[in-house]
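Below, all heavy atoms of this structure are taken into account, side chains as well, without hydrogens, waters or symmetry copies.
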Amino acid sequence: RASTSGKTITIFGGTGFLGRYVVNALGRSGWTIHLACRGDDMEWRHLRPLCDHGKLIPHYYSAKDEASVSSCIPEGQVDVVLNLIGKQYDTKHLLPWWVNSTLEDTHIKATQTIAKAARRNGVEHFVQMSCAKASVDSSNVWAKTKALGEIEAQTNFPGACIVRSGQLYGPEDPFLNMIASAV
């Protein structure tokens, strides 16, 4: 393939449902992708063939650690930061009463940390993935935290682009697969 665009992006949430398609599209266009990962090599290895050799660079981070988030965005080398992180529920520990990450941690605090790091490291563009239902007045905690995450993105990175998509469907969509397996 050997394509090059001369552009560099850091993607948070690039191993998720939407992220793998974004990595594929940008990899085909020759972007250099800094992929922020929270797990081990098995989390991102399936994405390696989607990019030219050396164009997919994994970085390991914790959303609760500003230094590790900042290390995913090499200073002066990244044009765009894309935040695709999102959850539908609180993430629990092996012990069911122990919550690792709440919706507030994922949608608000992580967004704040990423946007601050992007601004501090000289990034030109910040893109925050949200949803069409996001509203600070919502009684739904998920929709409310998504809206508060948008505010954090715009506060900490003036000029941030907010993408408010509707429902996303695809081959790996957990909702449609659940319905299909029940039929």
Would a 4.5 Å heavy-atom cut-off, applied to side chains only, mark [X] and [Y] as touching?
X: T106; Y: T102; value: no
X: L82; Y: I9; value: yes
X: N121; Y: V78; value: no
X: R38; Y: S62; value: no
X: V69; Y: F12; value: yes

*asked:* If we ignore hydrogens and angles and just use 3.5 Å, is the side chain of S71 paired with the main-chain N or O of S68 as donor and acceptor?
replied: yes
To the nearest 0.5 Å, tell me how far [X] [atom1] sits from [Y] [atom2].
X: M129; Y: L18; atom1: CE; atom2: CG; answer: 5.0 Å
X: I11; Y: L35; atom1: CD1; atom2: CG; answer: 6.5 Å
X: N83; Y: Q128; atom1: CG; atom2: CD; answer: 4.5 Å
X: W31; Y: D79; atom1: CH2; atom2: CG; answer: 6.0 Å

*If you group Ile, Leu, Val, Met, Phe, Trp and Tyr whenever their side-chain heavy atoms sit less than 4.5 Å apart, what else falls in with V136?*
I108, L148, I151
*Enclosure of R20 CZ (heavy-atom neighbours >12, cutoff 6.0 Å)*: yes
*Output, in order, the C-alpha distance, side-chain angles, deciding distance and verdict of side-chain contact (heavy atoms from CB on, under 4.5 Å) for K7 and T32.*
CA-CA 6 Å; K7 296 287 187 182; T32 299; over 6 Å; no
*For H34 and T10, what are the C-alpha separation, side-chain angles and deciding distance, and is it a side chain to side chain donor-acceptor pair (under 3.5 Å)?*
CA-CA 4 Å; H34 293 270; T10 295; 5.1 Å; no
*asked:* side chain to side chain donor-acceptor pair (under 3.5 Å), that's the test. Do N24 and R28 meet it? Break it down for me.
replied: CA-CA 6 Å; N24 186 19; R28 286 179 184 217; 3.1 Å; yes
*Is there a path from V163 to L26 through hydrophobic residues (I, L, V, M, F, W, Y) whose side chains come within less than 4.5 Å of each other?*
yes
*Can you name the closest pair of heavy atoms from S138 and K144 and give their distance?*
O-CD, 3.9 Å
*Got a sec, which residues hit salt bridge (Lys or Arg N to Asp or Glu O under 4.0 Å) with R164, two or more places apart in sequence or on another chain?*
E150
*Starting from the C-alpha separation in whole Å, work towards a yes-or-no answer on side chain to side chain donor-acceptor pair (under 3.5 Å) for D90 and S101.*
CA-CA 6 Å; D90 291 343; S101 294; over 6 Å; no
